[in-house]
Amino acid sequence: MGIPVKDVLQIPVLEPARVLTGEAFVSSREIEWISVIETPVENFVRKNEFVLSTGIGCSEDPVALENYVQDVIDSGASVLAFATGRHIYKIPDRILKKAANHDFVLMEIPWEVRFGDVLHDVLQEISRQKHVEQQRTEEIRQELINCVLNGKGLQEIMKIVYENTVIPVAISDHNKLVRANYYFDQRMIQVLNGEVQGDYQLIPSQETPFKDHPLYHYIEKYLIGEDDCYQLTILSNYKKQGYLLFKPASDTELTWSNLNILEHALTACALYFVKENAIEMTEIRLKDNFLLDLAKTDMEMDKQLQSKAHLLGYDLTKPYICLVGEIRFKKKVDDLIGTPDQAVMSSSMHSRNYYIQKEVAHAGDVLKRRTMATFEDGEVIVFLEADNRPYMETANQFLDLVERRLNELLAGINISWGISMHKDGVYTFHKSYNEAVTAFNIGRQQHEAGERTFFSDTRMNRLLMALSHEKEIEQIVRSTLQKLIEYDQKRQTDLIHTFIVYNKYNSNVSQTARALNLHRQSLLHRLRNIEQLTGLSLLNADDMFLMELSVRLWMLKKVDE
């Protein structure tokens, strides 16, 4: 961060100084430091430095003087001033021509002007203007923070940034949804987000005007077609919250001051997203508690309850289907963490629930149906608005949308569902929840993970569940399967499962062997063991019926437990 050369020339001590070349650049060139350097230059001159010299050692050697001037130009200095009157009386034309060819600011100062006075006054002016700039930047920082604390949005933050930098800016969240835009080219954002076709590439880090700024290492530069822009990632608690995009007309606009403002804007945006997430999570907790009570308690649907629901954005007067699911992963959580986005979502069950709830809401929006969702210990509870269309079709269409999006976000996720029966009734939340839980528990025993079970399809199982509570029937089941159960537990076999598959394929040995991945002889050996342990013949229809009934009742008993 420096001050323009023209401001330095206004210092009284430099009033006698005369600009010989590069006068057109005194407004655009900045001075960050001042020093007295004689030959050799080597690496003693920094970029944007004001160099004072007496020319000693080069006064009688024009070539050496020319080489000295060239070295100062190559160092990136902003100004070179010779004290004329002792060692150099007149700067040679060849030196002036060289400086002019390089658009370099070359000055002469009368010998009588002391370098000590020049150093003191220039450094004092640099310090004064730095203080003014720091004070201005601090005021902007405070304004940006107050913008968030006073409840203003991202668009107001971008307005402040643009008004103080005149650089087009935009903000998108972690889903790459544009949340604020101030004169930033919308098409460039769409290309970066993959919404429209277009070529773009990340440009490797290289020499830039802001290389010394702390923000340099966090700035990404993208080439989009023939245009370019910059991007900063908004982070909070090591989580990616969004992106700050900015597009200067040229790199010269990325001054130290403007980069400081962008850095403060980055902090304000991170604070805004933290505040937004906190508000959203608080709202989710209130909704969770309300829906859990609604589902698990037989509550009276009075005006007070409906009013509370209305404040939370729910309408209880509509008919709903209840869907109860259980979240499972095919792999361990650690195996699922691949990309940074997946790492965020796989960090805990709490964060996974947050993203699942987002997808439930999205699917409801797509189908134009109200949804109410909550979670408890890995259990997903969803109330989905129904209409006069077949409720199975509605539920399947909804779950297809949810699961397709979740499989893209969370690799290896499996959700088994139980779905209540819809009877065009309202205020049946507790009853619908119980139906969905019953369907889920029955489906969990009968199907693999990831299946959907409708309450209306469980009539046979519910009939059997009612029978299973009869003591005489319970005794028959126990006497039929007791030895088989004990054998499975002792030998770590699965003869009951073998019978279920055998019965499923209508006693077809070949199909059963393929389904169980067994050799035919191994399967026949298992079937003989089943007959010996139960005392029943698998070739006798009555025995097969008794066996099937006993197995079904035993499994349903496990569901109850």
Side-chain angles (χ1 to χ4, degrees), residues 1-126 129 206-212 250-253 255-256:
M1 181 172 63
I3 61 174
V5 174
K6 66 179 181 61
D7 290 353
V8 173
L9 294 176
Q10 303 303 316
I11 299 173
V13 73
L14 289 175
E15 187 177 348
R18 191 162 65 97
V19 177
L20 302 177
T21 64
E23 190 168 3
F25 303 97
V26 296
S27 296
S28 58
R29 297 284 164 80
E30 289 189 343
I31 295 173
E32 295 179 2
W33 195 251
I34 183 169
S35 62
V36 179
I37 299 291
E38 304 294 354
T39 186
V41 174
E42 296 181 348
N43 64 341
F44 294 111
V45 176
R46 295 184 298 184
K47 189 176 180 180
N48 297 332
E49 193 160 320
F50 185 172
V51 178
L52 299 173
S53 176
T54 63
I56 189 170
C58 303
S59 56
E60 297 180 359
D61 188 348
V63 175
L65 183 62
E66 186 177 359
N67 290 335
Y68 168 75
V69 172
Q70 184 64 54
D71 288 344
V72 172
I73 293 172
D74 293 341
S75 70
S78 297
V79 182
L80 172 60
F82 282 112
T84 55
R86 174 66 64 87
H87 301 290
I88 297 178
Y89 290 92
K90 183 179 182 300
I91 299 175
D93 290 341
R94 62 193 294 179
I95 300 298
L96 296 177
K97 184 177 179 181
K98 178 177 285 293
N101 289 339
H102 286 83
D103 298 329
F104 185 69
V105 180
L106 186 66
M107 297 168 49
E108 64 174 358
I109 303 174
W111 181 260
E112 294 76 18
V113 178
R114 290 186 296 186
F115 278 2
D117 294 339
V118 176
L119 288 168
H120 176 271
D121 291 358
V122 170
L123 287 174
Q124 192 173 51
E125 179 63 17
I126 291 174
Q129 292 210 23
Q206 53 187 338
E207 187 70 29
T208 59
F210 51 89
K211 192 166 186 178
D212 295 331
S250 67
D251 285 352
T252 56
E253 289 188 1
T255 61
W256 193 280

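Nothing here was measured: the structure is a model prediction, and the numbers come from that model.
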- Would you call Asp71 and Thr39 a side-chain contact if the rule is heavy atoms closer than 4.5 Å? no

- Message: Any non-hydrogen side-chain atom of His102 less than 4.5 Å from a side-chain atom of Gln70?
- Response: yes

- Note on the structure: Residue pairs meeting side-chain hydrogen bond (donor to acceptor under 3.5 Å, both in side chains), one or both in residues 103-122, sequence neighbours left out, come to Arg18-Glu108, Arg114-Asp117

- Which atom of Pro4 lies closest to which atom of Ser27, heavy atoms considered: CB-O, 3.9 Å

- Note on the structure: Minimal heavy-atom distance between Val113 and Pro16, with the atoms involved, is CG2-CG, 4.1 Å

- Message: Once side chain to side chain donor-acceptor pair (under 3.5 Å) is applied, do any residues pair with Ser35, and if so which ones, sequence neighbours excluded?
- Response: Glu49

Per-pair distances, 0.1 Å, donor-acceptor, side chain in residues 80-91, under 3.5 Å, sequence neighbours excluded:
residue: Tyr89; atom: OH; partner: Arg86; partner atom: O; Å: 3.4

Spacing of [X] atom [atom1] and [Y] atom [atom2] [to the nearest 0.5 Å]:
X      : Y      : atom1 : atom2 : result
Ile31  : Glu125 : CD1   : CD    : 10.5 Å
Lys47  : Ser75  : NZ    : OG    : 11.0 Å
Gln129 : Ile3   : CD    : CD1   : 4.5 Å

- Qualifying residue, where the test is side chain to side chain contact (heavy atoms under 4.5 Å, CB included) with Met107 and the options are Val26, Leu20, Leu9, Thr21: Leu9

Show every donor-acceptor pair shorter than 3.5 Å between a side-chain atom in residues 50-57 and any protein atom, with sequence neighbours excluded, or say none if there are none.
residue: Ser53; atom: OG; partner: Glu38; partner atom: OE1; Å: 2.8
residue: Ser53; atom: OG; partner: Gly55; partner atom: N; Å: 3.0
residue: Ser53; atom: OG; partner: Tyr68; partner atom: OH; Å: 3.3
residue: Thr54; atom: OG1; partner: Glu38; partner atom: OE2; Å: 2.8
residue: Thr54; atom: OG1; partner: Ile56; partner atom: N; Å: 3.3

- Message: Suppose we screen for side-chain contact (heavy atoms from CB on, under 4.5 Å). Which residues come up paired with Pro92, at least two apart in sequence or across chains?
- Response: Leu65, Arg94, Ile95

- Not counting sequence neighbours, which residues clear side-chain contact (heavy atoms from CB on, under 4.5 Å) with Asn48? List them please. Glu32, Ser78

